[in-house]
Amino acid sequence: MNLFADIRSLVLDSLATLVSEGTLPDGLSLDAVTVEPPRDPAHGDMATNAAMVLAKPAKMKPRDIAEALAAKLADDTRIASAEVAGPGFLNLRLAPSVWQGVVGAVLQAGTAYGRSDMGRGSRVNVEYVSANPTGPLHVGHTRGAVFGDALASLLDYAGHDVTREYYINDGGAQVDVLARSVYLRYLEALGQEVAFEDGTYPGDYLIPVGEALAEAKGDAWVGQPEEVWLEEARSFATDAMMELIRTDLAALGVKMDVFFSEKSLYGTGRIEAAIEDLRAKGLIYRGVLEPPKGKTPEDWEPREQTLFRSTAHGDDVDRPIMKSDGGWTYFAPDIAYHYDKVSRGFDALIDVFGADHGGYVKRMKAAVSALSEGRVPLDIKLTQLVRLFKNGEPFKMSKRAGTFVTLRDVVDQVGPDVTRFVMLTRKNDAPLDFDFDKVLEQSRENPVFYVQYAHARVMSVLRRAAEAGIACDDATLAEADLGGLDHEAELAVARKLAEWPRLVETAARTNEPHRVAFYLYELAGDFHALWNRGNDVHGLRFIQEGDAAASQSKMALARAVSVVISAGLGILGVTPAQEMR
RNA sequence: GCACCCAUAGCUCAGCUGGAUAGAGUGUCGCCCUCCGAAGGCGAAGGUCGUAGGUUCGAAUCCUACUGGGUGCGCCA
């Protein structure tokens, strides 16, 4: 149920009636007609711009249309009043019974209340994290992981068929570096003195991997050249790293559907097939690129290379797909990977990258556009930096200084729920401040606490009502008489609940899960406001002494709030708090 | 030099993909707890939405040009 959609249908029906009566001309396009909540609640519950959008095509004055429409709408029992305002807005006030109906609808549907079938039939692939398998995930990955996971859940909630995917960069030179580093740890485990030079990973996390290798291999690789051990060490090490990464992700509550290996593209003809597809479209050629203007590298010299004509699909320059030594550039397997995604039949692709990969957006979009011949849209969401603070003081991450902060550090310190919520309290393309102390503070300025507290309050009042012998299970509340919910503070909460389905669709359409977090904060705010009014106005308390029926109607509202909070937190991957400690 | 992202209250940020007098938190100021739901509550002040044009009934939102900040820019992934 989406109240805004319902009322919009009503407006469209009324307009159709006006057409059939000859008040409005035939053949008007009604696409631009919207029904939305006005910014200023004093303007009513909903407003439609119908009169203004139709004025020009209908060759009528906006106010004339608005008045005719108002008269029609007033016939509907749901409409308490319809007033023409401003340049031709039609402000609608809905009967209290409509808002009470929203509460009933929430309780009937449960956490499915805001589900949408907007994405019905649409298969979406969300690729996120995709960190190199060379070490543990750090805070930057954490944001991408949370964002991607919440986005995937949001799209699922909006009716899409979602696949969560991780691309393992296990095919490039960095995994050779990993293998050599692990080899050093292997020697170390066998008692040798080793030195970690530039171009190796000195992290402690490789020590157990080296030990495991020593356990498995004994001294068979000691003193042997790379040809003997490199390949096996590589696969042993990447497996170990992926195990580590999977464990980290699990600690955060992230579970992928597919782990896609870059390595699986090599030596199997899959890269060649993707490039061949582009070649058949006339998009592969040999050529020489212009040096970048303004900042010419000292060692620049013109060189002929194999290029992808990405400019034919919106990129700024064509991109090399082959190195001068004949090997593929990193871009080639990326193309092949997206070719694979396209051929798996997805209707839309989403990539979540760190902001430092912003330079690859255009070329990836160009590749997907070319490979799918424009059929499959690729949206790339960039997550900005996370700035870390401790007690208001910023601190820099440095591997050397040992202040490198991993995903695991964050989760272990503040827990997965807080981590996830906080990561979504900012738009993905805005930098995020993460203060280890403030995120645990119990105050209004901390949205995590504020939302959880609202949910816990509902749970608490339900428990107390049950102790007082008032039936307040969901089935009972769903059938409760809600006629008594007519106070302004109560209706405000119901109005907020009515916005939920609409918000889900907007958030899903824009691929912006942070909207859910902000909505929950607002809903919690309205609920806390109502709760606080109970201090002065005893008639607004949820438990009405000696009046089970009144208590039940009020607790139906409270329960509806907790259901929507629960649904929203579910999308964010956060567990609703049953009580605060 | 080019591309992408960002610029909204003193501070941190929302703004529902073009709607009315631009919102919230925090900070500032003024009220409110001997008691019943204060890990607080009510109210006030605070803005040329970076600048200048344009599109139209209507712009923080779309377009153009600037200013300032971030990111990236052939054979590293």
Side-chain angles (χ1 to χ4, degrees), chain A residues 4 32 34 36-40 42-43 47-49 51-53 55-56 61-62 85-89 91 132 134 169 171-175 177 262 288-297 299-303 305-307 315-331 333-334 354-362 380 382 384-385 425-433 441-447 449-450 453 457 460-461 464 499 502-503 505-507 509-510 512 514-515 517-519 521-522 525 528-529 531-536 538 540-543 580:
Chain A
F4 291 88
T34 61
E36 39 191 25
R39 265 185 220 176
D40 187 346
H43 290 138
T48 177
N49 62 353
M52 285 181 294
V53 240
K56 192 180 259 187
K61 290 180 188 166
F89 279 103
N91 291 333
N132 289 341
T134 53
N169 286 102
Q174 78 281 1
V175 287
V177 175
E262 176 193 359
V288 181
L289 287 177
E290 295 285 315
K293 296 215 166 54
K295 196 198 109 195
T296 311
D299 59 346
W300 175 270
E301 46 184 271
R303 203 164 277 158
Q305 359 181 27
T306 303
L307 301 168
D315 201 357
D316 306 308
V317 291
D318 293 337
R319 306 291 176 177
I321 55 168
M322 228 179 230
K323 299 190 278 193
S324 49
D325 69 2
W328 299 110
T329 64
Y330 64 88
F331 187 39
D334 281 347
D356 55 341
H357 286 62
Y360 309 112
V361 170
K362 283 193 176 184
I380 299 184
L382 303 177
Q384 264 290 351
L385 295 179
T425 53
R426 212 96 310 173
K427 275 185 296 201
N428 60 289
D429 51 10
L432 171 87
D433 291 348
E441 240 168 51
Q442 302 201 337
S443 72
R444 171 162 198 171
E445 37 183 320
N446 181 358
F449 164 76
Y450 201 61
Y453 187 30
R457 271 184 158 170
S460 158
V461 80
R464 282 176 41 200
E499 286 177 28
R502 189 168 177 274
L503 181 116
E505 295 197 347
T506 303
R509 189 166 0 96
T510 52
E512 293 182 338
H514 76 274
R515 291 175 188 271
F518 281 93
Y519 168 83
Y521 182 66
E522 289 169 12
H528 287 307
W531 180 284
N532 290 322
R533 290 293 292 277
N535 289 331
D536 302 326
H538 288 206
L540 286 178
R541 296 192 175 194
F542 292 99
I543 297 177
M580 304 304 291

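Owing to the predicted nature of the structure, the values given are computational and were not obtained by experimental measurement. Labels below follow one simple rule: chain letters A, B, ... track the order of the sequence lines, proteins then strands, and each chain is numbered from 1.
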Give me the atom names and distance for the closest heavy-atom approach of D429(A) to Q384(A). O-CG, 3.3 Å

If every non-hydrogen atom of T425(A) is compared with every non-hydrogen atom of F518(A), which pair is closest and at what distance? O-CZ, 3.3 Å

Quote, to the nearest angstrom, the [atom1] distance that separates [N] from [M].
N: rG47(B); M: rC11(B); atom1: C1'; answer: 15 Å
N: rA59(B); M: rG25(B); atom1: C1'; answer: 27 Å
N: rG43(B); M: rA39(B); atom1: C1'; answer: 23 Å
N: rU26(B); M: rG69(B); atom1: C1'; answer: 24 Å
N: rG10(B); M: rG1(B); atom1: P; answer: 32 Å
N: rU61(B); M: rU8(B); atom1: P; answer: 14 Å
N: rU21(B); M: rU67(B); atom1: P; answer: 33 Å

Kindly say whether [Y] contributes a backbone atom to a donor-acceptor pair with the side chain of [X] at under 3.5 angstrom?
X: N532(A); Y: H528(A); value: yes
X: T306(A); Y: M322(A); value: no
X: N428(A); Y: L382(A); value: yes
X: Q174(A); Y: N169(A); value: yes

Using the salt bridge (Lys or Arg N to Asp or Glu O under 4.0 Å) criterion, which residues pair with [X]? Sequence neighbours excluded.
X: E505(A); value: none
X: E36(A); value: R502(A)
X: D316(A); value: K362(A)

Please compare R426(A) and S443(A) by the position of their nearest nucleotide in RNA chain B and report the one closer to 5'.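 Closer to the 5' end of RNA chain B: R426(A).
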
Closest-nucleotide ordering on RNA chain B, the 5'-leading residue of N132(A) and Y453(A): Y453(A)

What is the distance, rounded to the nearest whole Å, between atom [atom1] of [X] and atom [atom2] of [N]?
X: K427(A); N: rC16(B); atom1: NZ; atom2: P; answer: 9 Å
X: D433(A); N: rU12(B); atom1: CG; atom2: C1'; answer: 8 Å
X: R541(A); N: rC35(B); atom1: CZ; atom2: P; answer: 14 Å
X: N428(A); N: rC4(B); atom1: CG; atom2: C1'; answer: 14 Å
X: L382(A); N: rC6(B); atom1: CG; atom2: P; answer: 10 Å
X: E499(A); N: rA14(B); atom1: CD; atom2: C1'; answer: 14 Å
X: L307(A); N: rC73(B); atom1: CG; atom2: P; answer: 18 Å
X: D315(A); N: rA3(B); atom1: CG; atom2: P; answer: 12 Å

Treating primed atoms plus P, OP1 and OP2 as sugar-phosphate and everything else as base, which nucleotides of nucleotides 19-33 of chain B get B, S or - for protein heavy atoms under 4.0 Å? BB-S-SSS-------

Protein N or O to nucleotides 64-71 of chain B N or O, pairs below 3.5 Å:
{"from": "rU71(B)", "atom 1": "O2'", "to": "A355(A)", "atom 2": "O", "distance (Å)": "3.2"}

At 4.0 Å (heavy atoms only), tell me whether [X] reaches a base, stays on the sugar-phosphate, or touches nothing.
X: M322(A); answer: nothing
X: R319(A); answer: nothing
X: F542(A); answer: base
X: T510(A); answer: nothing
X: Q174(A); answer: sugar-phosphate
X: E262(A); answer: sugar-phosphate
X: P37(A); answer: base

With under 30° as parallel and over 60° as perpendicular, where do the rings of Y453(A) and F449(A) fit, or are they tilted in between? parallel

With a 3.5 angstrom cut-off on both distances, give the Watson-Crick or G-U wobble partner of rU56(B), or none if there isn't one.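 Its partner is none (no Watson-Crick or G-U wobble pair with both distances under 3.5 Å).
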
Closest nucleotide among rA39(B), rG74(B), rG41(B) to the N532(A) side chain: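 Selected nucleotide: rG41(B).
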
For rC33(B), does the O4'-C1'-N9-C4 or O4'-C1'-N1-C2 angle fall within 90° of 0, making it syn, or is it anti? syn

Side-chain donor/acceptor contact of R515(A) with base of rC16(B) under 3.5 Å: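 Counting by modelled atom types and ignoring angles, no donor-acceptor contact under 3.5 Å is found here.
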
Please list, chain by chain and in numerical order, all residues satisfying side-chain hydrogen bond (donor to acceptor under 3.5 Å, both in side chains) with Y450(A), sequence neighbours excluded. R444(A)

